[in-house]
Amino acid sequence: MLPMPDTPAYWLIKKQRQRALAVLQEVRGSGVDVDIECREIESTLDNSQDNSISWREFLEPHLFRPLGISLSLMFFQQFSGINTVMFYTVDIFKSTHSSIDPHVSTIIVGAVQVAATAVSVLLMDRLGRKVLLIVAGECIVFITLPSSAVSHTTNVLDHPQHREH
């Protein structure tokens, strides 16, 4: 990124229009009139400065709900333990004594994550975030409940009380 020139917008914010024009000329070529594009950037910057937002506005009712939802999603993602699970995937797969190499299993998990992210990006454009979030939540419930039941049943049956002597 170091050899990249500063953007025209940067120079316009710094009130150095000539440098902004020079950067535009360098990027667009010497035969192009960049003055119109520079004026468009200035107009965009002027409009964006008029629409500034303050921290106090997040306490307004129409912004408080989306902020709360966003913070809740971030909280649940962080505290779901997925980062820990992903960090210890090799150890988790070693403890299962599977016939598949634990490193290969970890690579498969990573590939599934990449594929799921690609699918969710495509679906988000078509269905929207709300529908995708609801469907993902339902899938988590329908996968977690049976898994928990099987795990609980297995642990109960493995308890010394239930073993035959």
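Note that the structure is predicted; figures quoted are calculated from it, not measured.
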Note to self: Under the criterion side chain to side chain contact (heavy atoms under 4.5 Å, CB included), I'd like the reasoning laid out for Asp6 against Arg19: C-alpha separation, chi angles, the key distance, then a yes or no.
What the structure shows: CA-CA 9 Å; Asp6 288 320; Arg19 289 185 98 165; over 6 Å; no
Next on the checklist: Please tell me whether Ile69 and Leu67 are part of a single hydrophobic cluster in this structure, the criterion being side-chain heavy atoms less than 4.5 Å apart.
Outcome noted: no
When rounded to the nearest 0.5 Å, the distance separating CD1 of Ile41 from CD1 of Ile36 is 12.5 Å
For residues 76-111, the ring-ring contact (aromatic ring centres under 6.0 Å, His included) pairs (sequence neighbours left out) are Phe75-Phe79
Hits for salt bridge (charged side-chain N to carboxylate O under 4.0 Å, His left out) against Asp35, two or more places apart or cross-chain, chain-then-number order -> Arg17, Arg39
d(Asp101 CG, Lys94 NZ) to nearest 0.5 Å is 9.0 Å
For Ile134, the other hydrophobic cluster members (4.5 Å side-chain criterion, sorted by chain and number) are none
- Query: Applying the 4.5 Å side-chain criterion to the ILVMFWY set and letting contacts propagate, would Val109 and Ile107 be lumped into a single cluster?
  - Reply: no
Smallest heavy-atom separation, Cys38 atom then Ala20 atom, equals SG-CB, 4.4 Å
When rounded to the nearest 0.5 Å, the distance separating CD1 of Ile13 from CD of Glu42 is 11.5 Å
Q: Group every Ile, Leu, Val, Met, Phe, Trp and Tyr by side-chain heavy-atom contacts under 4.5 Å, then state whether Val135 and Leu127 land in the same group.
A: yes
With sequence neighbours left out, the residues meeting side chain to side chain contact (heavy atoms under 4.5 Å, CB included) with Leu145 are Val141
d(Ile82 CD1, Gln77 CD) to nearest 0.5 Å is 9.0 Å
Heavy atoms of Val85 and Ile92 approach each other most closely as O-CD1, 3.9 Å
How about Leu133 and Lys130: do any of their side-chain heavy atoms sit closer than 4.5 Å?
no
| Would Val119 and Leu132 show up in the same hydrophobic cluster when neighbours are defined by side-chain heavy atoms closer than 4.5 Å? | yes
Applying side-chain hydrogen bond (donor to acceptor under 3.5 Å, both in side chains) to Ser105 and not counting sequence neighbours gives none
Distance col, row Thr7:OG1 vs Leu12:CG, nearest 0.5 angstrom, shows 8.5 Å
- Item | Check: Gln25 side chain, Val32 main-chain N or O, donor-acceptor pair, under 3.5 Å | yes
Rounding to 0.5 Å, atoms CD (Glu37) and CD (Glu40) come to a distance of 7.0 Å
Residues passing the side-chain hydrogen bond (donor to acceptor under 3.5 Å, both in side chains) test with Gln113, sequence neighbours excluded, are none
*Spell out, yes or no, whether Val90 and Val104 are grouped together once hydrophobic residues are joined by side-chain heavy atoms under 4.5 Å, including indirect joins.*
no
